[in-house]
Number of protein chains: 2
Amino acid sequence: MISLEQQKAPNPEDFPPDLEGLRMTKQRREVLAVILAERDHPTANDVFSRAQTRMPSISLATVYNCLEALVSHRLVRQVNFERESSRYCPNLADHCHFQDEASGKIHDVNFKKGVKLEDILELPQGTEISHLEISLKGNFGK
Amino acid sequence: MISLEQQKAPNPEDFPPDLEGLRMTKQRREVLAVILAERDHPTANDVFSRAQTRMPSISLATVYNCLEALVSHRLVRQVNFERESSRYCPNLADHCHFQDEASGKIHDVNFKKGVKLEDILELPQGTEISHLEISLKGNFGK
DNA sequence: AGTGTAATCTGGAATTATTCTAATTCCGGC
DNA sequence: GCCGGAATTAGAATAATTCCAGATTACACT
Ligand SMILES: [Mn+2]
Ligand SMILES: [Mn+2]
Ligand SMILES: [Zn+2]
Ligand SMILES: [Zn+2]
């Protein structure tokens, strides 16, 4: 498991051949390394450009394939803001996203301790949540 | 203001000439009436088909224009689920959306009384939220 | 090492929701 | 009734993503 505290860019070669049941190909390693290297929520195109610097032959279709594989194996999170292009996030902790309207930057926002969604939403008995996305926009303080 | 409890489809002619500062044209009335008539979160295309039954000359571009006008004047809410096409909702109360994976249906979900977002999220001092979207998927109970 | 097989990768075409454009029509005020 | 701006329209354009079909690679077994 890759720590989020990790500061320097991970070396793609360091990933085991099989992560969470996903066979790690050269391209998947590179895409994952790109996403872990910076926590700026890049788009597929951003990932493509960055991956190309070390792997000039990678194709955009492959980046999409890898992202889909990584997301479905829960190694990366897909982040959506309204109808903008999807972004990708290496933070696997429960969190949501805030886009600062002035800078365009997307910030991770954690839930306060002990908060459960069932506590704040009027969900009928027996509801099971399989997917949740919370997206905020505005002026991010500090 | 149009009540949400309203059961029968509203007559487009009943809307005043100016709603929330938005000039109500024939097409905008029709689009709004379509959205108020059923609470099923139709897509732009759904709205287009329905509007055509009473107004065969309306164009899809106009439906998009009207939706954008209605949304930006807060008469209608735009609802997004991941990368699916946008849907439109007449419920102006604070609420979020739950898509039942079995039926595909989208349900409105209210917040419990007295819940404030600041209570559950770790937002830095001075943050101002201008837009918020919460989308859930799973098995909707009941 | 060599072979078979399935998975993956690739470049380009296709898809599709949405936006843009430019011409026409409409509307409220004079 | 006329003017000017706003709205509508059909169709073209855009852009993110997905699909496709052939080439490449990786793994399993000999
Ligand atoms: Mn700010
Ligand atoms: Mn159900
Ligand atoms: Zn994140
Ligand atoms: Zn709704």
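We name chains A, B, ... by the order of the sequence lines, and we start the count at 1 in each one.
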Starting from [atom2] on [N], measure out to [atom1] on [X] and report it in whole angstrom.
X	N	atom1	atom2	value
A/E82	C/dT18	CD	P	12 Å
A/E30	C/dT10	CD	P	11 Å
A/M24	D/dT25	CE	P	19 Å
B/Q78	C/dA17	CD	C1'	12 Å

Partner set under side-chain contact (heavy atoms from CB on, under 4.5 Å) for [X], not counting sequence neighbours:
X	value
A/R83	B/Q78, B/N80, B/S86
B/S59	B/A61, B/T62
B/L67	B/V31, B/I35, B/A44, B/V63, B/Y88
B/E128	A/N139

Kindly state each residue pair satisfying ring-ring contact (aromatic ring centres under 6.0 Å, His included) with at least one member in [range], sequence neighbours excluded.
range	value
residues 64-84 of chain A	none
residues 108-128 of chain B	none
residues 112-135 of chain A	none

### Task
Quick one: which residue pairs count as a side-chain hydrogen bond (donor to acceptor under 3.5 Å, both in side chains) with a foot in residues 111-124 of chain B, not counting sequence neighbours?
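Listed once each, the pairs would be none.
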
### Query
If we fit an axis to the first five pairs and another to the last five of the helix from C/dA1-D/dT30 to C/dC30-D/dG1, what angle do they make, to the nearest 10°?
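The end axes of the helix from C/dA1-D/dT30 to C/dC30-D/dG1 are about 30° apart, to the nearest 10°.
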
Heteroatom pairs (N/O) under 3.5 angstrom, protein to nucleotides 2-4 of chain D:
none

## Note on the structure
Quick tally for nucleotides 6-16 of chain D: nucleotides whose base has a protein heavy atom under 4.0 Å get B, sugar-phosphate-only ones S, the rest -, giving SSBBBB----S

### Message
I want to check something: taking the side chain as every heavy atom from C-beta on, are A/C96 and B/L121 in contact at a cut-off of under 4.5 Å?
### Response
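The answer is yes, as the side chains (C-beta and beyond) meet within the 4.5 Å cut-off.
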
### Message
Just to verify, what does B/H97 make a ring-ring contact (aromatic ring centres under 6.0 Å, His included) with, not counting sequence neighbours?
### Response
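Testing B/H97 for ring-ring contact (aromatic ring centres under 6.0 Å, His included), a comparison that skips the adjacent residues, returns B/H41, B/H95.
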
